[in-house]
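To keep things clear, I will list the structure first and then write my remarks on it.
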Protein chains: 2
Amino acid sequence: MNRKSRHNTEGKLSAKRPYHHGDLRRALLDAGRELLEEKGADGFSLRACALRAGVSHAAPAHHFKDMKALFTALATEAFDLFGQALADARDESLTPKQQIVTSFRAYLGFARAHPAWFKLMFDSARLEWHDEVLKEAGAKAYEQLSLLSKPFIDSSGKPAPLIEMLVWSLPHGVAHLELAGQIGCDYAPISDQWLEDYLKLTAELLDRL
Amino acid sequence: MNRKSRHNTEGKLSAKRPYHHGDLRRALLDAGRELLEEKGADGFSLRACALRAGVSHAAPAHHFKDMKALFTALATEAFDLFGQALADARDESLTPKQQIVTSFRAYLGFARAHPAWFKLMFDSARLEWHDEVLKEAGAKAYEQLSLLSKPFIDSSGKPAPLIEMLVWSLPHGVAHLELAGQIGCDYAPISDQWLEDYLKLTAELLDRL
DNA sequence: AAGGAAAACTTGACAGTGACAAGATAAAAT
DNA sequence: ATTTTATCTTGTCACTGTCAAGTTTTCCTT
């Protein structure tokens, strides 16, 4: 996995990378992430991605059979980081209500910090959901939501899926609506203060379950 | 606006449509709607749309300057029908709580009945939100949500935007998650009974505001 | 009714796309 | 050292959106 080839000390490509990239898969994912943020999923191009990674237009095919496969790999990384962000937001010393505020803030924070990734994670048409790795990353992130919901499931005695969807919808609804441009621009403006009020309100509601 | 040209009684195109379509804009919107449902927004093609409408590949340009413009027009129609669906769900004889159940059912019903339209409505990258007609259609639909929220704004004394976003998030979150394939397939299965339970739960929550 | 302007639709072209095939090169395995 | 395999390249294909230029119809003015 050395980045420089030991052969080809002065190859025909003057002062350029060796024929073999070393870790093209990684480079493509990095380039893809950048392009996704810059151009969005529309406007994304495999060829531009290959160019940015410094390889020819057909090189990606050896690491991702499809554009869908590349997107799937990108979404997998996104779910990993998303799940990690939610896990980091957990604090056993908090009350369930306080935990909601903290976790929802992390949920919305991730969506704002990585809008392209967030959109991709829920863009079913571009992803290969049969992929086991993606499924696992998604399930792991969902686990955090499940953990977050548990106190309210126990106290209310209602079915877990019901409460989990409620807990999921509350941050996801605003997150998606904001990224869709439905919040902030027109209709109602959104401020940091507004967001905090929303978090507090949702926590209160769940606490009254 | 007559559909058949009065001239060209036996034109060179044997038994075919006249040179002028009559209402190509309408035909393109209809064909576009079908294609959107069949192929999704990815996989959609202007040329395929033109072909289905029975015109040449460059004909759409005279009615929609862009692909974005066509999508914008389609989304406008979608918002119109969406707003109408929400308006139809209104019933002055219902209590605010009952009205929530009814309207949320309509919200989710629309998303399920017209998934392609619903996705397009919130696909900001594909739409031209500077378009006044689209903005107006969106605002009109939002008005229904505003109307639905009013009783809870009054009774709780909380800021309107806050409650409106809460009321919006509750059905929108599930709707989007379901269309994103996050509900139903993996994780928690979703049934009609589940949906009704969810509606009832959200209505109770809002009633306790 | 006639003729000129405008609108609606056509064909043709261009650069860019994802995907595939076949060849070149480097690394790994034997 | 030789063969096999993985990696990357060039070349090509059908298809895309958009623009330009030409053709056909309708509309507007007189």
Side-chain angles (χ1 to χ4, degrees), chain A residues 1-13 16-29 31-32 35-36 39-74 125-126 128, chain B residues 1-14 16-29 31-32 35-36 39-73 125-126 128:
Chain A
M1 304 292 179
N2 52 324
R3 312 207 55 132
K4 295 283 170 187
S5 166
R6 279 176 302 277
H7 309 70
N8 189 24
T9 53
E10 196 58 86
K12 52 187 69 167
L13 303 171
K16 293 205 64 177
R17 59 167 178 70
Y19 194 90
H20 281 45
H21 183 282
D23 196 358
L24 181 53
R25 187 189 150 88
R26 181 70 261 150
L28 286 171
L29 287 171
L35 277 175
L36 207 64
K39 317 273 185 181
D42 320 327
F44 183 94
S45 141
L46 258 183
R47 289 170 107 104
C49 186
L51 184 68
R52 179 163 304 203
V55 291
S56 78
H57 66 262
H62 294 268
H63 299 271
F64 306 99
K65 93 173 210 299
D66 251 344
M67 201 165 157
K68 217 170 177 174
L70 174 57
F71 279 146
T72 298
L74 282 168
R126 284 188 232 265
E128 191 56 77
Chain B
M1 304 289 183
N2 51 324
R3 312 205 57 127
K4 296 283 173 188
S5 167
R6 280 175 300 278
H7 308 70
N8 187 25
T9 53
E10 197 60 88
K12 52 188 67 169
L13 304 171
S14 57
K16 293 204 63 178
R17 60 164 178 70
Y19 195 90
H20 281 45
H21 182 285
D23 196 358
L24 181 53
R25 187 189 150 89
R26 180 71 262 149
L28 286 171
L29 287 171
L35 277 175
L36 208 61
K39 315 274 183 179
D42 319 327
F44 183 94
S45 141
L46 257 184
R47 290 169 106 106
C49 187
L51 184 68
R52 180 164 302 204
V55 291
S56 78
H57 67 263
H62 293 268
H63 299 272
F64 305 100
K65 96 173 209 298
D66 251 344
M67 200 164 158
K68 216 169 179 178
L70 174 57
F71 279 146
T72 297
R126 283 189 232 266
E128 191 57 75

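Within every chain, numbering begins at 1; the chains are lettered A, B, ... in the order of the sequence lines, protein sequences first and strands thereafter.
In this structure, A:A50 and A:L28 approach most closely via the heavy-atom pair CA-CD2, 4.1 Å. Shown here for A:C49 and A:A31, the closest heavy-atom pair between the two residues is O-CB, 3.8 Å. Summarising the geometry of A:L35 relative to A:S45, their closest heavy-atom pair is CD1-O, 4.2 Å, with the distance given to 0.1 Å.
One interatomic measurement links the two molecules: CG of A:D42 to C1' of D:dT16, which rounds to 14 Å at whole-angstrom precision. As a whole-Å value, the separation of B:D23 CG from C:dC9 P is 9 Å. Across the protein-nucleic acid pair, B:L51 atom CG and D:dG17 atom P stand 12 Å apart, rounded to whole Å. Counting to the nearest Å, the P atom of C:dG16 and the CG atom of A:L35 are 16 Å from each other. With rounding to whole Å, B:R25 atom CZ is found 13 Å from C:dC9 atom P. Rounded to whole Å, atom C1' of C:dT17 lies 18 Å from atom CZ of B:F44. The nearest whole Å value for the distance from the CG atom in B:L28 to the C1' atom in D:dG17 is 15 Å. If you measure from atom NZ of A:K68 to atom P of C:dA19, you get 11 Å, rounded to the nearest angstrom.
You'll find that the side chain of A:L46 is closest to C:dG18, out of D:dT10, C:dT10, C:dG18.
Residues A:H57 and B:H62 both approach DNA chain C. Their nearest nucleotides, taken by heavy-atom distance, put B:H62 toward the 5′ side. Nearest-nucleotide positions on DNA chain D for B:A48 and A:L24 put A:L24 closer to the 5' end.
Checking the phosphate oxygens (OP1, OP2) of D:dA6, no side-chain nitrogen or oxygen of A:H63 falls inside 4.0 Å. The shortest distance between the side-chain N/O atoms of A:S45 and the OP1/OP2 oxygens of C:dT17 is below 4.0 Å.
When each of A:R126, A:M67, A:E128 is tested with A:T72 by the rule side-chain contact (heavy atoms from CB on, under 4.5 Å), just one qualifies, namely A:E128.
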Test side chain to side chain contact (heavy atoms under 4.5 Å, CB included) applied to A:F64 and A:L29, step by step: CA-CA 10 Å; A:F64 306 99; A:L29 287 171; 4.0 Å; yes

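For A:R47 against C:dG16, a side-chain-to-base donor-acceptor contact under 3.5 Å is absent.
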